[in-house]
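Data block below; observations after.
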Amino acid sequence: MYLDMINEKNLQIFKALSEDTRYRIIRALIESECKCGENKHGNKGEICACEIPEIIGKTQSNTSMHLAKLQDWGIIKVRKEGKKRLYSIQNEKIRKILEVLEE
């Protein structure tokens with residue numbers, strides 16, 4: 001029964017949270033949802049790919065690699081608006097886990 005509880009989606013969430021850059025990306029996206037105002041592109045809860053490296057203090061190439069992994073895992077989603085790529089949280093479990101951690 002214990003092994004039935006372990007599934008790939010859950011493991012991916014913990015992999016995402018265990019790596020510093022991915023954790024910072026997730027936190028930035030969740031914090032952008034919590035802010036009352038819209039971002040500079042006029043969207044709530046979304047951050048442009050061009051802004052994320054500065055927010056998390058990492059390089060563009062490093063950030064892009066981690067964004068792709070988080071997207072592959074279904075944790076974040078991307079929406080294209082012209083040339084911009086806007087990222088937001090897709091997996092509700094990640095929000096719940098972080099809420100529990102911050103209690």
Side-chain angles (χ1 to χ4, degrees):
M1 181 138 122
Y2 172 74
L3 292 176
D4 293 339
M5 292 172 37
I6 299 173
N7 68 44
E8 192 62 29
K9 292 283 185 191
N10 289 343
L11 290 174
Q12 290 168 345
I13 289 172
F14 288 107
K15 286 178 189 177
L17 292 173
S18 68
E19 200 285 324
D20 180 61
T21 301
R22 293 191 292 255
Y23 176 80
R24 288 174 187 237
I25 291 168
I26 292 165
R27 289 292 314 143
L29 292 171
I30 288 175
E31 287 175 14
S32 76
E33 294 173 344
C34 296
K35 294 180 181 174
C36 296
E38 298 175 339
N39 65 15
K40 69 181 183 181
H41 300 290
N43 302 301
K44 291 183 180 178
E46 294 181 323
I47 302 177
C48 180
C50 61
E51 297 175 66
I52 295 174
E54 184 179 335
I55 292 169
I56 66 170
K58 301 290 181 173
T59 65
Q60 180 68 45
S61 61
N62 182 272
T63 302
S64 294
M65 178 186 67
H66 289 292
L67 286 169
K69 182 59 79 176
L70 291 169
Q71 189 179 354
D72 288 345
W73 288 342
I75 294 172
I76 64 173
K77 61 185 174 184
V78 64
R79 180 176 70 84
K80 293 180 183 178
E81 187 175 284
K83 292 185 178 185
K84 293 180 273 187
R85 296 176 61 83
L86 301 166
Y87 288 90
S88 59
I89 297 293
Q90 180 174 346
N91 188 313
E92 292 299 317
K93 285 183 181 180
I94 205 94
R95 286 187 188 93
K96 292 176 185 177
I97 289 168
L98 289 175
E99 284 175 18
V100 169
L101 291 175
E102 292 183 359
E103 287 181 346

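- Remark: Leu70 CG to Met65 CE distance equals 10.0 Å, nearest 0.5 Å.
- Across every non-hydrogen atom of Arg22 and Ala16, the tightest pair is CB-O, 3.2 Å.
- Minimum interatomic distance between Ile76 and Leu29 (heavy atoms only, all atoms of both residues): CG2-CD1, 3.6 Å.
- By the 4.0 Å N-to-carboxylate-O rule, Arg27 lies close enough to Glu102 to be salt-bridged with it.
- For the atom pair Glu99 CD and Ile97 CD1, the distance stands at 10.5 Å (nearest 0.5 Å).
- Counting heavy atoms from C-beta on, the side chains of Tyr23 and Leu98 come closer than 4.5 Å.
- Residues Gln12 and Asp72 form no side-chain contact, since every pair of their non-hydrogen atoms from C-beta on lies 4.5 Å or further apart.
- Applying the salt bridge (Lys or Arg N to Asp or Glu O under 4.0 Å) test to Lys58 and every residue at least two apart in sequence or in another chain returns Asp20.
- Listed by chain and residue number, nothing satisfies the salt bridge (Lys or Arg N to Asp or Glu O under 4.0 Å) test with Glu54 (two or more places apart in sequence, or in another chain).
- Nearest approach of Lys15 to Trp73, heavy atoms of both residues: CB-CH2, 3.7 Å.
- Rounding to the nearest 0.5 Å places CZ of Arg24 at 13.0 Å from CD1 of Ile26.
- Remark: Lys77 NZ to Asn91 CG distance equals 11.0 Å, nearest 0.5 Å.
- One finds the CZ atom of Arg85 at 6.0 Å from the CD atom of Gln71 (value rounded to the nearest 0.5 Å).
- Residues passing the side chain to side chain donor-acceptor pair (under 3.5 Å) test with Glu92 are Arg95, sequence neighbours excluded.
- Scanning both residues, Gln60 and Pro53, for their nearest heavy atoms gives OE1-CG, 3.2 Å.
- Atom NE2 of His66 and atom CD1 of Ile52 lie 12.5 Å apart (nearest 0.5 Å).
- Linking ILVMFWY residues whenever their side-chain heavy atoms come closer than 4.5 Å, directly or via other members, leaves Val100 and Ile30 in distinct clusters.
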